[in-house]
Chemist: 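Before anything else, here's the structure in question.
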Protein chains: 2
Amino acid sequence: MDRPSKSGVREIARRAGVSLGTVDRALHGRQEVSEVTRERVLAVARELGYQPNLTARALAAGKSTIRIGICIPREIRFFYDQVRDGILEEIQRYSHLGLEALYEPVPSLGVGEAAAMRRMMKQDVRAILLTPGHPAQLAPLIDEAEKKHNIRVVCLASDDSTSARSTAISVEPRLNGTLAAELMARITPHAARVAVFTGMLATEDHARKVQGFVSGFQRESPAGQIVAVVEDHQEERQTRRKCAQLLKAQPDLAGIYISTANCLPVCETIEAHSAAGRVRVIATDLFVDAVPFFQRGVIAASIYQHPYLQGQTAVRLLVDHFLQGAPMPNAHYLNPSIVLKANLPLFREIAG
Amino acid sequence: MDRPSKSGVREIARRAGVSLGTVDRALHGRQEVSEVTRERVLAVARELGYQPNLTARALAAGKSTIRIGICIPREIRFFYDQVRDGILEEIQRYSHLGLEALYEPVPSLGVGEAAAMRRMMKQDVRAILLTPGHPAQLAPLIDEAEKKHNIRVVCLASDDSTSARSTAISVEPRLNGTLAAELMARITPHAARVAVFTGMLATEDHARKVQGFVSGFQRESPAGQIVAVVEDHQEERQTRRKCAQLLKAQPDLAGIYISTANCLPVCETIEAHSAAGRVRVIATDLFVDAVPFFQRGVIAASIYQHPYLQGQTAVRLLVDHFLQGAPMPNAHYLNPSIVLKANLPLFREIAG
DNA sequence: CTGAAAGCGCTAACAA
DNA sequence: TTGTTAGCGCTTTCAG
């Protein structure tokens, strides 16, 4: 693979007829070097196929040069925890290359994110990873971080593509919906009547999931019908009430797709109406409290959005970017998984 | 998190009243140090909560101290390629810590593996990653590598747990079967009659997949019936013939689970008999030639065994083991994924 | 068996 | 603008 048997800064310096310091300055595009010498040094480096030794670089540069700010809701055992674990563990793996975490959690999604971002910006972070609760509101701050402070902002789980954020990592909401739809079409009888529960259609993510489900279900089950799209604002009482109404109004309902993590009240209502089994439920994501509903056959499947992997991927993109100079993709979409009873125990939320 | 503000070998040496060299020898359990000094040094290290700086270690030890042998069938665009890519890319990511790949491919599964292993053993590898075609036959050699040469042997995709291999990474075959069974039970009508295609039941992996499917299907579809378990020895002509026979003998067949990657001949035979759609096919793994069958609705789903991730995981386990001293788990089981038409484009075999 | 000293490849502080 | 030099924390000779 590798051609150059020995080509370090030393060799470059020798061939370009300059000193180590100059090579370093040229390589890093610092200002204290003349245009012409820089060109020459870079030419030699290119010719030699110079690959910096990251180990030596990290060692010489001293510890914790790359501080990464993390702004994620503090939870216990849920989605955002997994995201955070993925981030922190991956940063840990790269700590020897100087990665360091600055954890500034917010109490819950969308609360205090701006303040947390400001705090991080003051502490010399090179990147900020955040799960924006209201992406649009945060956009100006994201733009400021990116443009004024040269901080790479990575959105996780949710996105605002109109802001200047460097990249976003998520399962494409529309794909969530189409995958659920295809599965729903397969597991329900012919000409099935199904419904969707969502949070608020005003939220872009929610709306796109629903759109994906609607168009996917129509395609995969032409004889089927979507009889209701219920907005529950993720409030438990509202969910129960609307679910009960739905079950009463649609006695032959064959399936429900819940596009948020709010499946518990739906499942309980279904059981209370003795509709378990007849109404196939496809949920979203995973947490221990949902396990009994899988076991009792209330939840047929769940669309899993790989929170841990989202966090891990974010860090890997940053490592490639900062350490290898790789460009950041505009967005990175992960492949969701389907959870059934059989593979349930292997997901990290359940395995412990 | 971290207590010790400064505790390197230097500090240990100072506190233990010895020199750097002695600390190093003690820390690495080399022989040229007296029992008593070593104890003392280790005690100080423990007390200080000493964590070696991997960067400095890699830099000082020089490049490529940890050579990893890779013995995997050479393919184009298939399962083992993905495994190999996962391994090589992850080794690349850790090259700065001294990881180096020694790639000794075999022409096909089970051919020349012993010779390849012997070659690697002579080239001073610290670990061997292999996908054993006939695990039992290789066992003595694996034992020799582990015990005589102190080489960590990691089995991928397939396992021989009776050998002395350090660990094995795979999707548990039984889980493959039960997951396919649960899905089959959901997507077929009540009291469905289904069949299984496998390679050879004499192969442990194949047998366990079938067992998983049989018991899972009985549990999830008590009224259903498994009308045939077909051994096709993964030979195309045999597969076609037996599949045609099956379709003729079982005109009301509702589903086929193919537990090997040999789905193409089955799908083609089904289409030739105009049975597409009526017979739901659940396949195993993924490759581009299968895509049209997904699109035409012949293959309803596939159980994906994450070949790339298997390779990547193997390397990560080795990194943790060699660099952090973590014990290797006896086996590492990955969570299989379900491929549907909707998420098909996101798998790396298809995305390119 | 132990100590002293010379780097690994790179960055950064200080001179020139 | 450029060159020189001293390390980063560890391993590894080579003497003692």
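Since the model is a prediction, treat every value here as computed from it, not as a measurement. Per chain, numbering begins at 1; letters A, B, ... match sequence-line order.
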Chemist: How about A/I12 and A/L48: do any of their side-chain heavy atoms sit closer than 4.5 Å?
Modeler: yes

Chemist: Measure from NZ or CZ of B/R126 to the centre of the six-membered ring of B/F322 and say whether it is under 6.0 Å with the direction within 45° of the ring axis.
Modeler: yes

Chemist: Of all nucleotides in DNA chain C that come within under 4.0 Å of a heavy atom of chain B, which is furthest toward the 5' end and which toward the 3' end?
Modeler: C/dC1 to C/dG9

Chemist: Determine whether a donor-acceptor pair (N or O, by modelled atom type, separation under 3.5 Å) exists between the side chain of A/H321 and the backbone of A/A326.
Modeler: yes

Chemist: Return no unless some side-chain N or O of A/T22 is found under 4.0 Å from OP1 or OP2 of D/dT2.
Modeler: no

Chemist: On a heavy-atom basis, which atom in B/E75 and which in B/F79 lie closest, and how many Å separate them?
Modeler: OE1-N, 3.4 Å

Chemist: Please determine whether a side-chain nitrogen of the Lys or Arg among A/E146 and A/R165 lies less than 4.0 Å from a carboxylate oxygen of the Asp or Glu.
Modeler: no

Chemist: Are B/I128 and B/V154 close enough that some pair of their side-chain heavy atoms sits under 4.5 Å apart?
Modeler: no

Chemist: Tell me which one of B/K148, B/R152, B/K147 satisfies side chain to side chain donor-acceptor pair (under 3.5 Å) with B/N150.
Modeler: B/R152

Chemist: Exactly one of A/T37, A/L42, A/V18 should register a side-chain contact (heavy atoms from CB on, under 4.5 Å) with A/V23. Which one does?
Modeler: A/V18

Chemist: Does the pair B/R93/A/E90 count as a salt bridge with the N-to-O cut at 4.0 Å?
Modeler: no

Chemist: Would you work out how much the helix from C/dC1-D/dG16 to C/dA16-D/dT1 bends between its ends, with each end axis defined by five base pairs, to 10 degrees?
Modeler: 40°

Chemist: Where along nucleotides 6-16 of chain D does protein come under 4.0 Å, by heavy atom, of base (B) or sugar-phosphate alone (S), with - for untouched nucleotides?
Modeler: -BBBBSBB---

Chemist: Can you spot which of A/I87, A/L156, A/V83 makes a side-chain contact (heavy atoms from CB on, under 4.5 Å) with A/I70?
Modeler: A/I87

